Amino acid sequence: MVDDDMHHLERELGIFLRRATASSSAMARMVHPELDPAAYELLALISGTPDVRASDLAAYIGVGRGTMSRQLARLAEIGLVSRAPDPEDFRGQLLSLTDEGHQVLQTAQTGRRTFLGRALDDWEPEQIAALTLQLGRLNRDLTTAWTTRTPAQESAGA
C-alpha cells in the first residue's frame, strides 16, 4: 500500500475509533449511568457465549486478567452478570448475564442498531454486507498482527 493511502487509512481509522469510543460510552450509559464504556461489549460477548470464563474473555479482548476482573466485578455489583464456579478449574468462574443483564443489553442493542440504521439509511444492502465482511477481515488481521508483532517492534523495524 502506498504511504499516502496508509496515511489516509490511519486518519479515517482514528476518526472511526474516536466515534466508536463515544458510541460505546453512550451505550454504556444507556445500560447503567455508572458503567465503563467497555462494559457494553463485554455484555454482548457474554450474552453470545454464556458460561464463558473470565480468562477467555480477557485473552479474546486483549486485556489483563486484573482489568477484566475489575470490569466484571462492577457488572456483577450492579446485577448484570452472574458468576458461577468453573467445575473444570477451581480458580475460574463461568459468566452469564442475569435476566436484568439480558434486558438492558437488548435495549442498548436496539438503540445502537437504530442509530446504525439511520447512519446507513442511504446505503444499499450489498454495501452494508461488504462493509461487514471487510470489518470482520480487518478485526481478524489486526488480531493476527497484534499477536505476531507489537507496535514497538513494528516501529523499531524488528
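Just so you know, these numbers come straight off a predicted model, no measurement behind them.
Note: Leu80 CG to Ser47 OG = 12.0 Å, rounded to the nearest 0.5 Å. The CZ atom of Arg118 sits 10.0 Å away from atom CG of Asp121, with the distance rounded to the nearest 0.5 Å. To the nearest 0.5 Å, atom CG of residue Leu105 and atom OH of residue Tyr40 are 6.0 Å apart.
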Before you tell me yes or no, could you show the steps for His102 and Leu97 under side-chain contact (heavy atoms from CB on, under 4.5 Å), namely the whole-Å CA-CA distance, both residues' side-chain angles and the distance that decides it to 0.1 Å? CA-CA 6 Å; His102 280 289; Leu97 295 187; 3.6 Å; yes
Give the intermediate values and the outcome of side-chain contact (heavy atoms from CB on, under 4.5 Å) for residues Glu124 and Gln127. CA-CA 5 Å; Glu124 296 297 325; Gln127 292 173 308; 3.6 Å; yes
Could you walk me through whether Asp141 and Arg137 pass side-chain contact (heavy atoms from CB on, under 4.5 Å), step by step? CA-CA 6 Å; Asp141 291 347; Arg137 178 180 178 189; 3.6 Å; yes
Steps toward side-chain contact (heavy atoms from CB on, under 4.5 Å) verdict (Arg53, Asp89): CA-CA 10 Å; Arg53 292 176 25 197; Asp89 178 2; 4.1 Å; yes
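Taking 4.5 Å as the limit, some side-chain heavy atom of Pro87 sits within range of a side-chain heavy atom of Leu94. At least one side-chain heavy atom of Leu42 sits less than 4.5 Å from a side-chain heavy atom of Leu57. Put simply, the side chain of Leu75 does not reach to within 4.5 Å of the side chain of Gln71, judged on heavy atoms. Contact of the Arg112 side chain with the Gln109 side chain is not registered, since no non-hydrogen atoms from C-beta on lie closer than 4.5 Å. At least one side-chain heavy atom of Leu13 sits less than 4.5 Å from a side-chain heavy atom of Leu138. Taking 4.5 Å as the limit, every side-chain heavy atom of Gln93 sits out of range of all side-chain heavy atoms of Pro85.
Cluster annotation: Tyr60 is connected to Ile46 through the hydrophobic network of ILVMFWY side chains, with a link wherever side-chain heavy atoms come within less than 4.5 Å. Transitive grouping of hydrophobic side chains (ILVMFWY, heavy atoms separated by less than 4.5 Å) keeps Phe115 and Leu120 in distinct clusters. Using a 4.5 Å cut-off between side-chain heavy atoms of Ile, Leu, Val, Met, Phe, Trp and Tyr, with links allowed through other members, Leu142 and Phe16 fall into different hydrophobic clusters.
Judged by distance alone, with hydrogens and angles left aside, the side-chain atoms of Asp56 form no donor-acceptor pair with the main-chain N or O of Val52 at under 3.5 Å. Listed for the Thr132 side chain is a donor-acceptor partner under 3.5 Å among the backbone atoms of Ile128. Between the side chain of Thr49 and the backbone N or O of Leu45 there is at least one donor-acceptor pair closer than 3.5 Å. Between the side chain of Thr110 and the backbone N or O of Gln106 there is at least one donor-acceptor pair closer than 3.5 Å. At least one donor-acceptor pair under 3.5 Å links the side chain of Arg83 to the backbone N or O of Leu72. The closest donor-acceptor contact from the side chain of Thr98 to the backbone of Gly79 lies under 3.5 Å.
The environment of Glu77 atom CD is dense: over 12 non-hydrogen atoms of other residues, nucleotides or ligands sit within 6.0 angstrom. Within a 6.0 Å radius of CG in Asp99, other residues, nucleotides and ligands contribute 12 heavy atoms or fewer.
When all heavy atoms are compared, the tightest approach of Ala58 to Gly64 is CB-O, 4.2 Å. Between Asp51 and Ser96, the shortest heavy-atom contact is OD1-OG, 3.1 Å. Residues Met68 and Ala54 come closest through the heavy atom pair CG-O, 3.7 Å.
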